[in-house]
Amino acid sequence: MKNIIEKAEKPVWVTKPYLPPLEEFQEYLRDIWDSRWLTNNGKYHQEFEKALGEYLGVKHISLFANGTLALVIALQALQITAEVLTTPFSFVATTHALWWNGIKPVFVDIEAETFNLDPNMIEAAITPQTTAILPVHVYGNPCRVEQIKDIADTYGLKVIYDACHAFGVTLNGIPILNYGDLSVMSFHATKVFTTFEGGAIVCHDEAMKRRIDNLKNFGFAGETMVVAPGINAKMNEFQAALGLLQLKYIDQAIEKRKQVAYRYREGLRNIAGISYLEDMPGVKHCYTYFPILIDEGKYGKTRDDVYEELKRHNVFGRRYFYPLISQFPTYRGLESSHPGKMRVAERVTQEVICLPNYTELRLESVDKICQLLAR
Ligand SMILES: Cc1ncc(COP(=O)(O)O)c(C=O)c1O
């Protein structure tokens, strides 16, 4: 990597949250202050839940304080137990949610085309203890939802999608959130759509929504009745107000990230040893991340060399997802974690780095990053 560009004046982080004009948020703040209604299914919570469901094209959605609690509750709501098949190529919260429910994660390899759970490897991992599949739409790229549905139907398994990266993603016009028994979302500050912290569960019937809403509020079903050992996972009014406001700008924010992704593809197209994912046919993407793979044999440097050199130029890519979840001390003792068992995931985790992509990122900065990567 030649030193052909000046070090960026300010650090270029892998992401930067999009926020609406402060004046607009202040109006909501004043209203919340005056009302003294800060949380517990307030006005903005109700409005945002409705507006978000309409925007996403889903019938039943429950808001959460964050995506991790939403994952934990999704498993509780379906009363999942014993063993669950999942991907090692994700953020740790996916597997931690299983651990918090006393469920044994069974890791299954990913496919090279999407970095998502490989449906062709699922059946071999099913045992009499398997109760569900927990796949992730990694980087917002849809899983092979039809194949996964067929397997789940055949073996009587539930499917919970971790859709934390997949805000507004559709497949042949159908919201990706409408697949599976439940889908879980995150509105963390690093996501394309943020409410500071936040999350949601999408389900498909009213009874399930009621159950989820009870569970996120200590199990309360009415003022004096507790129907389950629930938890406190409620979204507050400040988060909900920001969410309402963000809905006004989200299309623009995604469009800008799309421009960034396309610019990277143009700039990196002819660099030997660098590859990236293209848009998938029939998919409306949300461009939450821009991952690239560095093939050391062809590029002449490792992914970690690239990571360090970018850093020296004040450009902070992130090695999402490295190491694999199955390689962390908590999970590496599991049989499914053994080295050599997940060939694709083990390679991808060594080669992947996510380049900066956010709404305010200038296209000239993208060009400079591409020049840095070219030799
Ligand atoms: C795939 C995935 N699952 C779960 C989470 C957890 O969401 P949260 O940070 O909102 O708790 C995240 C990210 O934060 C994620 O990327």
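Start at 1 and go down the list; that is how both ligands and their atoms are numbered.
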The protein heavy atom nearest to atom 3 (N) of ligand 1 is D162 OD2, 2.7 Å
re atom 11 (O) of ligand 1, the protein heavy-atom contact at minimum distance is T68 OG1, 2.6 Å
heavy-atom search around atom 13 (C) of ligand 1 in the protein gives K191 NZ, 2.8 Å
Pi-cation contact, Y322 with R303 (under 6.0 Å, within 45°):
yes
Between P356 and the options L361, T15, V260, the side chain to side chain contact (heavy atoms under 4.5 Å, CB included) test singles out L361
Aromatic F107 / basic K341 pairing, under 6.0 angstrom, 45° off normal:
no
For S90, the atoms of ligand 1 under 4.0 Å from one of its heavy atoms are 1 (C)
Ranked by distance from atom 12 (C) of ligand 1, the top protein heavy atom is F91 CD2, 3.5 Å
Taking every heavy atom of L373 against every heavy atom of Y299, the minimum-distance pair comes out as O-OH, 2.5 Å
Test item, G198 contacting ligand 1 (heavy atom, 4.0 angstrom)
yes
Next on the checklist: Once you measure the plane-to-plane angle for Y18 and Y249, does it fall in the parallel (<30°), tilted (30-60°) or perpendicular (>60°) bin?
Outcome noted: tilted
Atom 7 (O) of ligand 1: closest protein heavy atom, distance to 0.1 Å, is S186 OG, 3.4 Å
Does ligand 1 have an atom under 4.0 Å from some heavy atom of G199? no
So for H165 against ligand 1, with non-hydrogen atoms under 4.0 Å, the contacting part is side chain
(request) Inspect the surroundings of CG in N270 and state if more than 12 heavy atoms from other residues, nucleotides or ligands are less than 6.0 Å away. (result) no
| said: Below 30° counts as parallel, above 60° as perpendicular, anything between as tilted: where do the rings of F290 and Y264 land? | reply: parallel
Do ligand 1 and Y289 have nitrogen or oxygen atoms that lie under 3.5 Å from each other? no
